[in-house]
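These notes are about the structure you will find just below.
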There are 2 protein chains.
Amino acid sequence: MSTAEETTGGEIEPWEEVTPDAARRLLVAAVEAFAERGYHATTTRDIAGRAGMSPAALYIHYKTKEELLHRISRIGHDKALDILRTAARREGTAAERLADAVSSFVRWHAGRRTTARVVQYELDALGPDARAEILALRRQVDAEVRGIVQEGVASGEFDVIDVHGTTLAVLSLCIDVARWFNVDGPRTPEEVGALYADLVLRMVGAEQDARRPAQT
Amino acid sequence: MSTAEETTGGEIEPWEEVTPDAARRLLVAAVEAFAERGYHATTTRDIAGRAGMSPAALYIHYKTKEELLHRISRIGHDKALDILRTAARREGTAAERLADAVSSFVRWHAGRRTTARVVQYELDALGPDARAEILALRRQVDAEVRGIVQEGVASGEFDVIDVHGTTLAVLSLCIDVARWFNVDGPRTPEEVGALYADLVLRMVGAEQDARRPAQT
DNA sequence: GGGCACACTAAGCGCTCGCTCAGCTTCGGC
DNA sequence: GCCGAAGCTGAGCGAGCGCTTAGTGTGCCC
């Protein structure tokens, strides 16, 4: 979709694809509320209130509260997948592409923590059909990272015995950033991204010198 | 408290410290329900029903639904801290102790996944006082792991630039096991524990030969 | 064997939830 | 300048929530 090779982890204000304006304001309000309190603890009155509207206005743009979560989750997963695909398909060694994938994926989870939190941790609140759709996207996310790891093993850059398990661990490490990252904490998303790229290269047994020129 | 050096990651059936019997049945039912649906989506009628009792029976043993979560969280964090302390204070090199800590911590998160899920992911549902108490325990957990990493760096076993950040990542990796681990999946808790111990030793830059004799 | 503490239940209170609906305002087309 | 569509609100419905209370059965002490 969009060229996501910008400066700091993505675009400045997302959700621009959601129209009309009132629908976007409601969706942004829902992201904040779900991230703060969780889907089940958030009321439709709270969402509407944050968007400066009455509770009934929500149902003009969305059929149910669950549809809001579904839309958020879908857009968020699309974005996450887009980030990983961009990193996976650029030129360079497997080590460079893995470092790029991890650092940009982590930057997104840290920098857009509210969104990432909803996307990664409120999946169970979706109904069976919506959950199945999202799980399919997650399998693509997994496949993208596993592909890089496999190529690194094939080329001799990496030393990995359990490719599936290590891929799972790498993604798990990145995703969990959304749980603990604190915007007011001592680290910027860029710093965490750089640290994590280095840790992941160590996990896959990349050579020391391959770890050095991992830019930002 | 208890000697937690048993066979596979802990005792066979926990919660034995909760008495009387009815109170324990309610608490176990609450753990299952909270893990499946989340705290806010779980009703007191559901908890009581799983325990084979009427909704009112819950309030004989617990003042509120939140007190149930508090008790679960407290006991679970005590257990997690106990596991890490046992590993941190045994004899051996920093690499051996870190591998032991990670593998037993991961075994607990995978093997007792329902409990771990509630303990690690429902913290925000607690009130301010209870949350503060639990956060103090988490800082102790963090300090225990950071201690091992620091000793490894001091002794020259490990090669770590950012001790705090790396410790955070190690714990994050272990904790997130509770989110994705599937009891019916292809891996046993022991296998995941062994894989993760190896990955963590790579993350801290332990020498190759120090990674080999990680028992269990 | 009478009295009482205790564990538990049936019923339901007050409240808030997700969601609906009748009606109001605004605005473009003609 | 009238009309209908669209966006939004105020009021409120039925349901289910956390929790309470009055009453019941049971077993232990003396």
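Here the structure is a predicted model, which is why all the values come from computation and not from measurement. Note on naming: letters A, B, ... go to the chains in the order of the sequence lines (proteins, then strands), and numbering restarts at 1 for each one.
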Grab the [atom1]-[atom2] distance between [X] and [N] for me, whole Å please.
X     : N      : atom1 : atom2 : value
A:Y59 : C:dG18 : OH    : C1'   : 4 Å
B:H40 : C:dC17 : NE2   : P     : 12 Å
A:K65 : C:dC17 : NZ    : P     : 9 Å
B:R25 : C:dA7  : CZ    : P     : 13 Å
A:E66 : C:dC17 : CD    : P     : 19 Å
B:R24 : C:dA7  : CZ    : C1'   : 16 Å
B:D46 : D:dG16 : CG    : C1'   : 13 Å
A:L58 : D:dC8  : CG    : P     : 11 Å

task = Check the pair A:V192, A:H109 against side-chain contact (heavy atoms from CB on, under 4.5 Å), reporting the backbone distance first and the verdict last.
result = CA-CA 10 Å; A:V192 178; A:H109 277 83; over 6 Å; no
message = Taking the nucleotide of DNA chain C with the nearest heavy atom to each, does B:H61 or A:T44 sit closer to the 5' end?
response =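 Residue closer to the 5' terminus by nearest nucleotide: B:H61.
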Nucleotide nearest [X] when distance is taken to its side chain, options [options]:
X     : options               : value
B:A57 : C:dC19, C:dC8, D:dT20 : C:dC8
A:I60 : D:dG7, C:dC19, C:dA7  : D:dG7
A:M53 : D:dT20, D:dT9, C:dT9  : D:dT9

Is [X] salt-bridged to [Y], going by a charged N under 4.0 Å from an acidic O?
X      : Y      : value
B:E122 : B:R117 : no
B:R97  : B:D100 : no
A:R37  : A:D46  : yes

ask   = Would you say the side-chain atoms of A:Q140 and A:H77 include a donor-acceptor pair closer than 3.5 Å?
value =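 No, no side-chain donor-acceptor contact under 3.5 Å.
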What nitrogen or oxygen pairs link the protein and nucleotides 26-29 of chain D at under 3.5 Å?
none

ask   = Ignoring hydrogens and angles, are the base of D:dG16 and the side chain of B:R45 linked by a donor-acceptor pair under 3.5 Å?
value =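 No, no donor-acceptor pair under 3.5 Å.
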request  = List in chain and number order the residues that pass salt bridge (charged side-chain N to carboxylate O under 4.0 Å, His left out) with A:E66, two or more places apart in sequence or in another chain; answer none if no residue qualifies.
outcome  =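 With sequence neighbours excluded, A:E66 shows a salt bridge (charged side-chain N to carboxylate O under 4.0 Å, His left out) to no residue whatsoever.
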ask   = Is A:T43 touching bases, backbone alone, or none of the nucleic acid, heavy atoms closer than 4.0 Å?
value =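 The answer is sugar-phosphate, as A:T43 gets under 4.0 Å only of primed atoms, P, OP1 or OP2.
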request  = Evaluate the side-chain contact (heavy atoms from CB on, under 4.5 Å) criterion for residues A:Y59 and A:T44: first the C-alpha distance (whole Å), next the side-chain angles of each, then the deciding distance (0.1 Å), finally the verdict.
outcome  = CA-CA 10 Å; A:Y59 293 92; A:T44 54; 3.3 Å; yes
key: Residue whose closest nucleotide on DNA chain D lies nearer the 5' end, A:G52 versus B:K63   =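 The residue whose closest nucleotide sits nearer the 5' end is A:G52.
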